[in-house]
Amino acid sequence: QHMREAERGVIYDEYIEKENEVLTAIVQSVESNDNVFVEIGRTEGILEASQRMPGEEIRPNDRLKVYVLNVSRSPRGPQITVSRTHPGLVKRLFELEVPEIQSGIVQIKSISREAGSRTKMAVHSTDPMIDPVGSCVGPRGQRVDRVVTELRGEKIDIIKWSADPAEFVANALNPAHVVNVFVNEQEKACRVVVPDNQLSLAIGKEGQNARLAARLSGWKIDIKSQSQIDEQVEAEAAEAPSAEGDAE
């Protein structure tokens, strides 16, 4: 009994240091409630249904990269909860693939993710000679392709971070082209103007592109087309003379 408890203590001490890290897991079983039990080195972990990527098929003996969410003690030994949906999984996978991130030259500033569908990641280089986006994409796209493959084809937009909110928001709405960004510092909100033919691209399917850009930047984003802005300016100009007449 004492030996078993001592061994559990050793395993707990080993894995508590691996919280927020990525480990390779081997699938042991998939339960009827969609929870997945995985083998992680010397112990077992659970990938709960809520932490699985939507639409991802998982079978026994599959190898998966998982993000260690939580390690806790229990009478049966360490309980390890892992995730495939956490944004930290994307961050750690890029750290494994990109030497410039490992060395600290390239920094991941923020990530917004809708697991199984799309991720936006903002990166910054402390060396002006190093392109942070190019470093993460890699030669012929090899680095980003390896991460995409691990995430079962999830789309990843890598964008350049900027301390200037207008520039950062414009970059975050990639692949849409932005004409102008008007920033309201007090409300941490901005109005973005895009060409008419870019409006649906900027908003994205079911609003996904705009939603991820807002989370990535931390700013509220209101997107308008150039013609909508022109109409608004014309309407305001037409109202101005009548307002002056009323004042008189």
Side-chain angles (χ1 to χ4, degrees), residues 1-99 101-102 108 110-121 123 136-138 141-158 208 212 215-216:
Q1 177 77 18
H2 283 306
M3 285 178 69
R4 270 204 304 271
E5 285 177 6
E7 187 179 0
R8 285 171 185 163
V10 168
I11 292 171
Y12 174 82
D13 291 342
E14 179 184 337
Y15 282 89
I16 192 69
E17 293 179 4
K18 293 180 178 172
E19 272 190 345
N20 306 321
E21 294 297 328
V22 163
L23 300 176
T24 300
I26 300 170
V27 177
Q28 290 182 319
S29 63
V30 181
E31 305 298 296
S32 57
N33 59 2
D34 286 338
N35 286 350
V36 178
F37 288 94
V38 295
E39 179 189 315
I40 313 171
R42 298 168 61 193
T43 189
E44 189 181 75
I46 181 169
L47 175 65
E48 294 175 352
S50 62
Q51 298 299 327
R52 288 180 59 175
M53 285 166 55
E56 181 178 33
E57 286 189 26
I58 297 177
R59 299 183 184 88
N61 299 320
D62 280 357
R63 282 180 172 271
L64 302 170
K65 288 276 198 298
V66 294
Y67 181 81
V68 181
L69 269 185
N70 183 50
V71 179
S72 59
R73 296 183 190 272
S74 80
R76 293 173 51 209
Q79 289 274 10
I80 301 173
T81 308
V82 298
S83 174
R84 289 274 291 166
T85 60
H86 197 282
L89 176 61
V90 180
K91 185 172 189 278
R92 295 298 186 209
L93 289 174
F94 272 101
E95 286 173 353
L96 292 171
E97 292 293 342
V98 183
I101 294 176
Q102 292 167 20
I108 298 173
S110 61
I111 293 178
S112 60
R113 185 180 184 206
E114 293 188 359
S117 178
R118 193 170 187 178
T119 287
K120 282 184 182 282
M121 183 172 81
V123 292
C136 293
V137 171
Q142 289 173 351
R143 292 172 181 173
V144 71
D145 282 351
R146 283 194 284 267
V147 176
V148 168
T149 300
E150 177 58 45
L151 298 177
R152 304 289 199 265
E154 185 173 315
K155 289 177 184 165
I156 299 177
D157 297 339
I158 303 168
Q208 185 185 61
L212 286 172
R215 276 191 226 144
L216 186 77

- Heavy atoms, side chains only, cut-off 4.5 Å: are Ile11 and Glu7 in contact? yes
- How many angstroms lie between atom CE of Met121 and atom NZ of Lys91, to the nearest 0.5 angstrom? 10.0 Å
- Leu47 and Arg52: side-chain contact (heavy atoms from CB on, under 4.5 Å), yes or no, with the steps? CA-CA 7 Å; Leu47 175 65; Arg52 288 180 59 175; 3.8 Å; yes
- Which atoms form the tightest heavy-atom contact between Val82 and Gln51, and what is the distance? O-CB, 3.7 Å
- Under 3.5 Å, is there a donor-acceptor pair linking the side chains of Ser117 and Gln208? yes
- Message: A quick test of your reading: do over 12 heavy atoms of other residues, nucleotides or ligands sit less than 6.0 Å from CD of Glu57?
- Response: no
Under 3.5 Å, sequence neighbours excluded: what are the donor-acceptor pairs made by side chains of residues 31-38?
unit_1, atom_1, unit_2, atom_2, d
Glu31, OE2, Ser29, OG, 3.0
Asn33, OD1, Asn35, N, 3.1
Asn35, OD1, Ala49, N, 2.9

- Message: Give me the atom names and distance for the closest heavy-atom approach of Lys65 to Leu89.
- Response: O-CD1, 4.0 Å
- With Glu114, which of Lys155, Arg215, Glu154 fulfils side chain to side chain contact (heavy atoms under 4.5 Å, CB included)? Arg215
- Message: Rounded at 0.5 Å granularity, tell me how far CD in Gln142 sits from OG1 in Thr149.
- Response: 11.5 Å
- Query: Just wondering, do Glu150 and Leu96 contact through their side chains at under 4.5 Å, heavy atoms?
  - Reply: no
- Note on the structure: Interatomic distance, CD1@Ile80 vs CG@Leu23, rounded to 0.5 Å, equals 8.0 Å
- Is Arg84 close to Val66 at the side-chain level, that is, under 4.5 Å between some pair of heavy atoms? yes
- Return yes if some donor-acceptor pair links the side-chain N/O of Ser112 with the main-chain N/O of Leu212 below 3.5 Å, else return no. yes
- Task: Compare every heavy atom of Ile16 with every heavy atom of Val71, then report the nearest pair and how far apart it is.
- Result: O-CD1, 3.7 Å
- Item | Heavy-atom pair with the smallest gap, counting every atom of Tyr12 and Pro78 | N-CG, 3.6 Å
- Query: Can you check whether Ile46 reaches Glu48 side chain to side chain, under 4.5 Å on heavy atoms?
  - Reply: yes
- Short side-chain to backbone donor-acceptor contact, Gln102 and Glu95, under 3.5 Å: yes
- Item | Worked verdict on Glu14 versus Thr43 for side-chain contact (heavy atoms from CB on, under 4.5 Å) | CA-CA 10 Å; Glu14 179 184 337; Thr43 189; over 6 Å; no
- Is any side-chain heavy atom of Glu19 closer than 4.5 Å to a side-chain heavy atom of Asn70? yes
- Message: Using modelled atom types and a 3.5 Å cut-off, is there a donor and acceptor pairing between side-chain atoms of Arg92 and backbone atoms of Asn20?
- Response: yes
- Query: Do the side chain of Tyr15 and the main chain of Val68 share a donor and acceptor less than 3.5 angstrom apart?
  - Reply: no
- Item | Stepwise side-chain contact (heavy atoms from CB on, under 4.5 Å) test for Val90 and Ile108 | CA-CA 10 Å; Val90 180; Ile108 298 173; over 6 Å; no
- Item | Working for side-chain contact (heavy atoms from CB on, under 4.5 Å), residues Ile101 and Arg143 | CA-CA 12 Å; Ile101 294 176; Arg143 292 172 181 173; over 6 Å; no
- Task: First locate atom CZ of Arg8, then atom CZ of Arg73, and finally report the distance between them rounded to the nearest 0.5 Å.
- Result: 11.5 Å
- Query: Taking the side chain from Glu56 and the backbone from Arg152, do they hold a donor-acceptor pair closer than 3.5 Å?
  - Reply: no
- Item | Euclidean distance, Ile156 CD1 relative to Lys120 NZ, rounded to 0.5 Å | 12.0 Å
- Query: Is a side-chain donor or acceptor of Ser110 paired with a backbone partner of Leu216 at a separation under 3.5 angstrom?
  - Reply: yes
- Query: Which heavy atom in Val98 sits nearest to a heavy atom in Cys136, and how many Å separate them?
  - Reply: CG2-CA, 3.9 Å
- Item | Heavy-atom closest contact (Ile40 atom, Gly45 atom, distance) | CD1-CA, 4.0 Å
- Item | Residues forming a ring pair (Phe, Tyr, Trp, His ring centres under 6.0 Å) with Phe94, sequence neighbours excluded | none
